[in-house]
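This report concerns only the one structure given below.
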Amino acid sequence: MQESEKSHGGPPTEFSMPMFRRFVPEAVRPWIYVFQAVCFQLTNGVYLGALSERVGEYAVMREDVQMCLYATLGGMALYFPVLFRMKFRFSNKTLLMAAALTILVGNFLTLFNLPQPALWVICFICGIAKIQGTFENLSNIQLWMTPKRDMGVFFPLLHIILLVSMELSAFFAAAFAFHYHWTLMHWFIMGLMLIVLLIQTLLCKPFHAMPKIVPLRGIDWFGALLWGLFALQVAYIFNYGDWLDWWNSPTVRLLTGTSIINFAVALHRMLTIDQPYYEPAMWRYRYALPVILLIGVVEALFASEHALEAVFFGMVMGYEDLTSEILSLWSLIGILAGCLFSLVWIKLMRWSPYRLIAIGLIVFVLYAGSLYFLVDSNINIEQMRLPIVFRGFAYAVLSIAFMWSLSAIMSFQHFFQGLSVFNVLHMFIGGVIGGAFYAYGLKYYIADGMARYGGAVNEVAFTAAPFDMGGFMENFVQGVMAQSVKTLYGWTLYAAIFFALLMLLWDIPGVRHRVKKLPLWPTVGTQLVNGLNRRQRLRRLRRERRKRLSLA
């Protein structure tokens with residue numbers, strides 16, 4: 001190990017950023033890390049804002065590009081349990097430079113039309129690097145954002161950075177694709193990563209959060225591989241299921257069987273080894289399982305954004321990708337309002353997070369209800385702005401409320417494992433399953449609409465003079481698709497109303513109404529080292545006991 005890797009600081013008593021060199025002004029230091037966090041959050045393996053251009057240039061399916069996105073999200077979600085272990089093993093500079101370099105190389109490789117499995121692996125690794133870079137930046141400025149490490153303050157401010165960056169990433173990708181070429185988004189991200197590397201090289205020095213380096217001993221890497229493979233198998237089944245005709249396809253049947261076996265092996269490993277990747281104790285917290293399941297259901301409902309909105313804007317209204325993304329920017333108003341509303345609700349008023357979830361669902365009801373009544377092939381684009389604001393508000397409020405609920409339910413020991421499961425459902429599985437249901441629903445209702453209203457295409461219509469066959473069929477198909485989207489928004493509205501009423505009726509007193517304080521990083525690291533040493537001593541005692549019994 002290099003000598004620079006061993007430099008560290010003592011337990012921080014107040015906010016400081018000793019990883020910077022002395023000539024960097026202290027007032028600027030946290031803003032540099034905010035900038036770096038935004039840079040990491042703008043990244044992906046591939047970019048849905050330029051989906052149509054990539055599909056057209058490389059002659060691939062939309063599902064292929066979406067699968068790359070799901071692989072990125074899967075890498076982000078599954079890496080959460082080892083974030084602190086990496087922080088306590090490597091220096092801040094090492095982690096950030098490794099993450100930036102990984103994303104730079106990954107974005108360069110995904111410019112090419114590589115085999116799909118290779119692209120999935122690259123995107124999965126890019127997702128790991130993305131969350132590592134984001135976490136390392138934000139964990140170092142947490143005391144600047146909230147001096148008392150108050151999660152009621154940190155989570156709303158965190159989501160302003162995360163959700164705003166997510167919207168801007170899609171907008172930039174669509175803008176580059178429309179005005180120049182879709183590959184420019186990749187070069188733009190590579191340029192940002194070069195800036196991060198330059199900042200770390202010139203302005204920063206290696207700094208450890210721990211006085212003593214904590215080794216990566218005891219991490220269940222094989223268990224992580226099993227859970228990651230299972231998540232990707234589920235994503236593949238639901239992403240390609242409609243195209244492959246579901247379980248009529250031997251590929252889907254084979255993947256279903258192997259995913260069940262994989263899940264059984266991962267579950268058995270979790271229940272039998274000493275240090276599994278996801279500890280069984282994580283599931284035993286009161287109300288943890290209902291909250292986690294509700295996260296999956298809500299994320300499936302929010303899949304309407306990518307499934308129904310994309311169909312309505314693109315195929316009914318005929319909007320370009322850039323037009324759709326410009327319209328989607330109105331969600332930024334809702335995101336900022338939702339984050340500030342959650343900050344007031346949790347921090348200042350200290351009210352129940354479950355009622356906050358109910359409020360988020362009620363605003364989602366307004367979003368789904370607005371689109372149910374608005375969806376038509378002749379509406380004005382300005383009419384779509386308010387529903388988009390509702391969507392941004394609801395998504396911000398629900399994301400913050402769910403994360404805050406998990407932090408209140410679980411101890412810090414299991415919080416990042418719970419956060420991993422939360423994000424698997426929140427960013428990954430819930431969305432892909434919801435998208436599959438919406439895709440199946442569109443397929444069913446469009447076919448049903450064609451059968452019901454196909455009688456309008458008859459000899460009487462053809463005898464009209466002059467008869468515009470192209471215009472007639474275009475309006476007919478657009479009307480059927482708009483009606484199908486409206487019907488699915490109606491079902492979404494029913495589901496949202498049901499869960500909103502459920503949360504209003506279910507006010508759980510067991511969750512603390514006071515926000516927990518996160519311990520200092522050296523404290524967490526010391527507890528981790530003590531736990532590892534305790535497990536080592538127990539293993540040594542077991543071996544000695546077995547040896548004595550064998551000798552006897």
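Computed from a predicted model, the values in this text were never measured in an experiment.
Side-chain atoms of Ser169 and Gln41 form no donor-acceptor pair, as typed in the model, at a separation below 3.5 Å. Defined by atom type and a distance below 3.5 Å, a donor-acceptor pair is missing between the side-chain atoms of Tyr79 and Asn423. When only modelled atom types and interatomic distance are considered, Lys130 and Thr72 share no side-chain donor-acceptor pair under 3.5 Å. Using a 3.5 Å distance cut-off with no hydrogens or angles, the side chains of Tyr438 and Thr492 do pair a donor with an acceptor.
Taking all atoms of both residues into account, the shortest heavy-atom contact from Arg54 to Val60 is O-CG2, 4.0 Å. Listed here is the closest heavy atom pair of Cys68 and Cys123: O-CB, 3.4 Å. Residues Gly435 and Ala303 come closest through the heavy atom pair N-CB, 3.5 Å. Pairing each heavy atom of Ser165 with each of Leu42, the nearest pair is O-CD2, 3.4 Å.
Residues Trp187 and Tyr180 keep their aromatic ring centres 6.0 Å or farther apart. A distance of 6.0 Å or more separates the ring centres of Trp144 and Tyr33. A distance of 6.0 Å or more separates the ring centres of Tyr489 and Phe373. In this structure, the ring of Trp227 has its center less than 6.0 angstrom from the ring center of Tyr278. Aromatic ring centroids of Phe393 and Phe341 lie under 6.0 Å apart.
For the pair Ser405 and Ile357, the minimum side-chain heavy-atom distance is below 4.5 Å. Proximity of Glu325 to Phe172: side-chain heavy atoms (C-beta onward) are nowhere separated by under 4.5 Å. Residues Ile379 and Phe312 form a side-chain contact, since some pair of their non-hydrogen atoms from C-beta on lies under 4.5 Å apart. No side-chain heavy atom of Phe135 sits less than 4.5 Å from a side-chain heavy atom of Leu95. Met384 has its side chain out of reach of Met317: every pair of non-hydrogen atoms, C-beta onward, lies at least 4.5 Å apart. Side-chain atoms of Thr323 and Phe178, non-hydrogen and from C-beta on, never get closer than 4.5 Å to each other. Looking at Thr487 and Gln483, their side chains come closer than 4.5 Å, going by heavy atoms from C-beta outward. Counting heavy atoms from C-beta on, the side chains of Asp321 and Glu53 come closer than 4.5 Å.
For the atom pair OG1 (Thr102) and CD1 (Ile128), the distance works out to 9.5 Å, reported to the nearest 0.5 Å. From Phe176, atom CZ reaches atom OG1 of Thr183 across 10.5 Å, with rounding to the nearest 0.5 Å. Thr43 OG1 to Met193 CE: the interatomic distance, rounded to the nearest 0.5 Å, is 5.5 Å. One distance of note links CD1 of Ile333 with CZ of Arg385; it measures 9.0 Å at 0.5 Å rounding. The distance from atom OG of Ser328 to atom CD of Glu309, rounded to the nearest 0.5 Å, is 6.5 Å. Note: Phe155 CZ to Ser407 OG = 4.5 Å, rounded to the nearest 0.5 Å.
Screening Ile335, Leu158, Leu168, Leu336 against Leu163 for a side chain to side chain contact (heavy atoms under 4.5 Å, CB included) leaves a single residue, Ile335. Of the candidates Phe302, Tyr395, Phe499, Phe498, Phe302 is the only one forming a ring-ring contact (aromatic ring centres under 6.0 Å, His included) with Phe364.
Using cut-offs of 30° and 60° on the angle between ring planes, the pair Phe84 and Phe416 is perpendicular. Taking the six-membered ring where the residue is Trp, Tyr58 and Trp182 present perpendicular rings, their angle passing 60° and hence far from 30°. Ring-plane geometry between Trp120 and Tyr236 is classed as perpendicular, the angle between the planes exceeding 60 degrees on a 0 to 90 degree scale with a lower cut at 30.
With Thr146 contributing its side chain and Phe154 its backbone, the two residues share no donor-acceptor pair below 3.5 Å. A donor-acceptor contact shorter than 3.5 Å links the side chain of Asn107 to the backbone of Asn44. The backbone N or O of Val480 sits less than 3.5 Å from a side-chain atom of Ser484, completing a donor-acceptor pair. A donor-acceptor pair is defined here as one N or O able to donate and one able to accept, closer than 3.5 Å; such a pair exists between the side chain of Asp64 and the backbone of Met61. Under a 3.5 Å cut-off, the side chain of Asn239 and the backbone N or O of Glu63 do form a donor-acceptor pair.
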Self-check item: Working for side-chain contact (heavy atoms from CB on, under 4.5 Å), residues Ile346 and Ile400
Solution: CA-CA 10 Å; Ile346 295 174; Ile400 295 168; 4.0 Å; yes
Exercise. Please test Glu57 against His181 for side-chain contact (heavy atoms from CB on, under 4.5 Å), starting from the C-alpha separation and ending with a verdict.
Key: CA-CA 11 Å; Glu57 183 165 331; His181 194 264; 3.0 Å; yes
Exercise. Determine, stepwise, if the pair Leu162 / Thr134 fulfils side-chain contact (heavy atoms from CB on, under 4.5 Å).
Key: CA-CA 9 Å; Leu162 301 185; Thr134 303; 4.1 Å; yes
Quiz prompt | Check against side-chain contact (heavy atoms from CB on, under 4.5 Å), Leu442 and Val485 | solution = CA-CA 7 Å; Leu442 280 172; Val485 171; 4.0 Å; yes
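At most 12 non-hydrogen atoms from other residues, nucleotides or ligands lie less than 6.0 angstrom from OH of Tyr372. Atom CH2 of Trp345 sits in a crowded spot, with more than 12 heavy atoms from other residues, nucleotides or ligands closer than 6.0 Å. Heavy-atom neighbours of Gln383 CD from other residues, nucleotides or ligands within 6.0 Å: above the threshold of 12. Other residues, nucleotides and ligands contribute only 12 or fewer heavy atoms inside 6.0 Å of the CZ atom of Phe437.
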